[in-house]
Structure formats: structure tokens, C-alpha cells
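Let me begin by presenting the structure, written as C-alpha cells, before commenting on it.
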Amino acid sequence: MVSPINAKVIIAHDIIGRLMIQCAIEPGLAYVIESLLGFDRDEFYFGNWEKLTGCSCFEVTCCFDDAVPIGVKKAS
């Protein structure tokens, strides 16, 4: 159950309308929003990187300049 204290109702058509107006006023804003919320060129790669064995989560994150690690599988 969701607490009414912590929940906030979002009216989507109001937000979409405001974004459309802002995109018309501010050149390039639509591109930024599409880049942040779109899924073009998003890919997942699964692999075993031996050099990362034993590294902390922070160290793993620092090893990828243009990627975001989303999980670690520990040996069972």
C-alpha cells in the first residue's frame, strides 16, 4: 500500500503540454529530452572481464568511460 504522505499524483497531459511549449520556445530542448529519455543506441553486453575480478563496485564503474555497469554476478 502506498502512503498518501509519500505519493504524488502526476498529471501526464499537463507535463506533456508544458514540455511541448518549452520545446517550441527553446531550440534544442527536444533533442536533449529525446537523448535523456529515448532508447536509441542503448545496448546490453554480457561478458566476463577477468581484470574486474575482485574489484569493488566503485572500481568497476571507473573502468568504463562510455558505459554504465548495471550488475555484477558473483561466483556461486
Side-chain angles (χ1 to χ4, degrees):
M1 185 167 170
V2 177
S3 169
I5 296 170
N6 296 326
K8 185 172 183 177
V9 177
I10 298 174
I11 302 172
H13 67 273
D14 285 351
I15 294 171
I16 293 170
R18 290 178 184 172
L19 281 175
M20 289 176 66
I21 292 169
Q22 278 302 125
C23 288
I25 294 170
E26 188 66 41
L29 182 59
Y31 175 77
V32 172
I33 292 171
E34 176 62 28
S35 296
L36 291 173
L37 301 178
F39 291 100
D40 282 349
R41 301 181 316 260
D42 290 343
E43 301 171 356
F44 285 93
Y45 294 97
F46 298 91
N48 185 16
W49 289 273
E50 294 295 327
K51 70 176 187 174
L52 301 177
T53 302
C55 292
S56 69
C57 187
F58 176 75
E59 292 168 330
V60 170
T61 303
C62 293
C63 290
F64 295 93
D65 292 332
D66 58 352
V68 178
I70 61 166
V72 175
K73 180 181 178 188
K74 295 186 177 188
S76 50

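In this text, all values refer to a predicted model and were calculated from it rather than measured experimentally.
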task = Report the distance from atom CZ of Phe64 to atom CH2 of Trp49, rounding to the nearest 0.5 Å.
result =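 Answer rounded to 0.5 Å: 5.0 Å.
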Output side-chain donor-acceptor pairs under 3.5 Å for residues 52-63, partner residues at least two apart or in another chain, one line each.
{"residue": "Thr53", "atom": "OG1", "partner": "Glu50", "partner atom": "O", "Å": "3.2"}
{"residue": "Ser56", "atom": "OG", "partner": "Glu59", "partner atom": "N", "Å": "3.2"}
{"residue": "Ser56", "atom": "OG", "partner": "Glu59", "partner atom": "OE1", "Å": "3.4"}
{"residue": "Glu59", "atom": "OE1", "partner": "Ser56", "partner atom": "N", "Å": "2.7"}
{"residue": "Thr61", "atom": "OG1", "partner": "Cys57", "partner atom": "O", "Å": "3.0"}

key: Residues that Phe46 engages under side chain to side chain contact (heavy atoms under 4.5 Å, CB included), provided they are two or more places apart   = Phe44
Pair up each side-chain donor or acceptor in residues 11-32 with any protein partner under 3.5 Å, not counting sequence neighbours, and list the distances.
none

